[in-house]
There are 2 protein chains.
Amino acid sequence: MTGKPKILLIGMGGVGSIAAYSLTYTNKSDLTVVVRSEYNTLKTTGFEIKSIDYGHIESFKPYKITNSISDAVSENGGGGDGFEYIIITTKNIPDITPIETILEQCYDDESENKSTIVLLQNGFGIEKSILKKYKNANVISIVTMISSSLINNVVNHVGSEFAKVGYFPNGNLSSKEQELSCFKLIELYSNEKNKIEYDPDVKWTRWRKLMYNATINPISTLTDCDIGRLNIFGGDETLLRPSMIEIINIAKSDGCELPYDAIDSLINSDPGVYYSPSMLVDRRKGNYVEYINILGNALDVANENNIEAPILKTMFWLLRCRQMKLMEEKGRFELPEIRPGPEDGFEISYKW
Amino acid sequence: MTGKPKILLIGMGGVGSIAAYSLTYTNKSDLTVVVRSEYNTLKTTGFEIKSIDYGHIESFKPYKITNSISDAVSENGGGGDGFEYIIITTKNIPDITPIETILEQCYDDESENKSTIVLLQNGFGIEKSILKKYKNANVISIVTMISSSLINNVVNHVGSEFAKVGYFPNGNLSSKEQELSCFKLIELYSNEKNKIEYDPDVKWTRWRKLMYNATINPISTLTDCDIGRLNIFGGDETLLRPSMIEIINIAKSDGCELPYDAIDSLINSDPGVYYSPSMLVDRRKGNYVEYINILGNALDVANENNIEAPILKTMFWLLRCRQMKLMEEKGRFELPEIRPGPEDGFEISYKW
């Protein structure tokens, strides 16, 4: 059998759309995308893309578009081994949509030709629940520095795509095999417009990205302030810097030395622009936020290694309560009319 | 000269309105109230009061109503010594309206017959800036356990009025004099419907109230959750209890022993009701919040005495950034179009 390697890409947000476009542009793979809420738009008119890398594309329609994972699988002949890579670009919100519920529909851990799972998502420790459930899974990490957002079917891609591709080590697989699957993906993904690099140390890269995501994201979300306003309103030395130091300390306990001198450049990132981090944008839209993969999993490491991280911990619980409130508002559960007391042993029962 | 003692009461919110009604009902003083935004309503139709203590009052109009402090002073003959008591019941938000700007209009620290200043307000250390500016000031504290709110010109008074009246010690005055002014006020204020007690230890009483106000208030505000939801969503052991312990520790360093066993009853206060604390109500209305007098002043004591209070400190700075954002939205200042960098030395210039 010849033919291009098949890739399933799940999620067409700002980041996923550029990934899909990059793969289409490179044209070395046979791509199917799964998109839910914007399915009809994408299928009929496509997305407009305004890209710093690719210029202005009036209408981008991937060749194969489905609105469910099961459709993608059955159109591909059925079974859990049809795709060489499954790239997941959705938000990582295990309290709402655990990633296993996605994989159950398209991944077969027992197959000879099992897919390689690619997580193009934020956060730390996001591979753990997958490796616990699927002993043979080859899970690849993409950490991207892209700035791209999808608003009203227009992809606004303002920061050039620079991605690092590496693997989450799985003791049941050879590191050679895992490494090769990374290089092959880089080959399918790279073109002269983007920059895709091999990442020899995914854990370090993900800790390094948490220096931004676990600090600037929750602080801006809880204060309703973009990064520029945090600077001006007194957040630098009271919230941003000390929380970044907490991340440095936790990462160190996990064997990763992060650069202290990155703190100042992170605090002053996006110079000249009152940049609203993605979690703040999500909050303002009334979307769920990725507080578990970004803060919770880092705090698990802190707890295991007895590292103090009071600012991160406080923000985790504040965000958790907010997220629960949002779940209630979205009808995920109902509370009793009379507030239950501690003696009632009330427990939330989720609807779906 | 005979005549009843003159009282100036500033602010007719939920708490201030009941105080004004209580003084009117007792009818032992000559009361003038200052009310700004609801002046016309109060003057023409009055406020409706639904009170657990006084029953249903269709229209309450105090005898003397003014819409500015200066009007009250001039109608009273001018000068800063016309009122025996000046009761301030407005929100205590020194970042927006420092209390000194109120007193400048009605208080004369040099007068023989100077007024006694009465703070019917939340928070800790709220007397300090007054005593710093006015060396001879006799400042009285009222801490009230009332539950009363003003919504659409209706005062909903659901929790009985129980107030403690004591003095903030001023070394330039005799304690006898300060004590007597408390007892006289109690006499003018008390009636058979309310419960007004002398408070021999204002500092302790105010720390004790911070166990609620400095914890449940900011946590509910930052999470958008009432107290019942905080219980259910996991806030008890992660935010509420540890922040209350921080208050206990700070108070102890300030010489006040607070009861640990109050924690459980505070966490489970207002049983059966999803009660939204006042700061959360303010936030939802888009009002400023009292984060300085409630959290900031307590943290000043923590800093002086080297007491760790990481949860309170984190919440203080989160609330500060939110408040600054709100000030910007309300037009209090403008930011440059291009985000300034650290080298620009930008400073906010406030408009009023």
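No hydrogens, no waters, no symmetry mates; every other heavy atom, side chains included, goes into these values. Because the structure is a prediction, the values reported are computed rather than measured.
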Discussion item. When you compare the side chain of B:N217 with that of B:E290, does any pair of heavy atoms fall below 4.5 Å?
Written reply: no

Worksheet entry | Interchain contact, A:I311 with chain B, by part (heavy-atom threshold 4.5 Å) | both

Discussion item. So which residue, B:P271, B:P340, B:G235, B:S243, ends up with the most heavy-atom pairs under 4.5 Å with chain A?
Written reply: B:P340

Item to complete: Under 4.5 Å heavy-atom distance to chain B, tell me which part of A:E343 shows up: side chain, backbone, both or neither.
Response: neither

Practice prompt. Would you indicate whether B:K330, at its atom NZ, is surrounded by more than 12 heavy atoms from other residues, nucleotides or ligands within a distance under 6.0 Å?
Written response: yes

Practice prompt. Indicate the atoms forming the closest heavy-atom contact of B:N249 with B:Y260, along with that distance.
Written response: OD1-OH, 3.9 Å

Fill in: Electrostatic pair A:D282-A:K285, nearest N-O below 4.0 angstrom
no

Discussion item. If we define contacts as heavy-atom pairs under 4.5 Å, which of B:I227, B:L326, B:L230 has the most with chain A?
Written reply: B:I227

Response to the item:
Okay, B:E337 and chain A: the region with an atom under 4.5 Å from a heavy atom over there is backbone

Discussion item. Does any backbone or side-chain atom of A:D270 lie under 4.5 Å from a heavy atom of chain B? Answer side chain, backbone, both or neither.
Written reply: both

Response to the item:
Checked A:M327, A:E347, A:E328 vs chain B; the most non-hydrogen pairs under 4.5 Å come from A:E328

Fill in: Options A:I338, A:I348, A:T238, A:T314, ranked by heavy-atom pairs under 4.5 Å with chain B, top entry
A:T238

Practice prompt. Sort B:L239 into side chain, backbone, both or neither according to what part of it lies under 4.5 angstrom from a heavy atom of chain A.
Written response: side chain

Worksheet item: Under a 4.5 Å heavy-atom cut-off, does chain B meet the side chain of A:I267, its backbone, both or neither?
Response: backbone

Worksheet item: Non-hydrogen atoms of chain B under 4.5 Å away: do they reach the side chain of A:D224, the backbone, both or neither?
Response: both

Worksheet entry | Interchain contact, A:Y274 with chain B, by part (heavy-atom threshold 4.5 Å) | both

Discussion item. Which label fits A:F333 and B:F233: parallel for a plane angle under 30°, tilted from 30 to 60°, or perpendicular past 60°?
Written reply: perpendicular

Discussion item. Regarding B:K313 and B:E308, does a basic nitrogen lie under 4.0 Å from an acidic carboxylate oxygen?
Written reply: no

Worksheet item: Hey, are B:S51 and B:H157 close enough side-chain-wise for a donor-acceptor pair under 3.5 Å?
Response: yes

Practice prompt. Supply the atom-to-atom distance A:I96 CD1 to A:Q323 CD, rounded to the nearest 0.5 angstrom.
Written response: 5.0 Å

Worksheet entry | Heavy-atom donor-acceptor pair, A:E161 side chain to A:I18 backbone, under 3.5 Å | no

Worksheet item: Any sub-3.5 Å donor-acceptor pair from A:E246's side-chain atoms to A:L312's backbone N or O?
Response: yes

Item to complete: Identify which part of A:P242 has an atom lying under 4.5 Å from any heavy atom of chain B, answering side chain, backbone, both or neither.
Response: neither

Fill in: Interface residue of largest heavy-atom contact number with chain B, from A:I219, A:I232, A:D226, A:L319, under 4.5 Å
A:I232

Fill in: Pick from A:L335, A:D344, A:D236 with the largest number of heavy-atom pairs that fall under 4.5 Å of chain B
A:L335

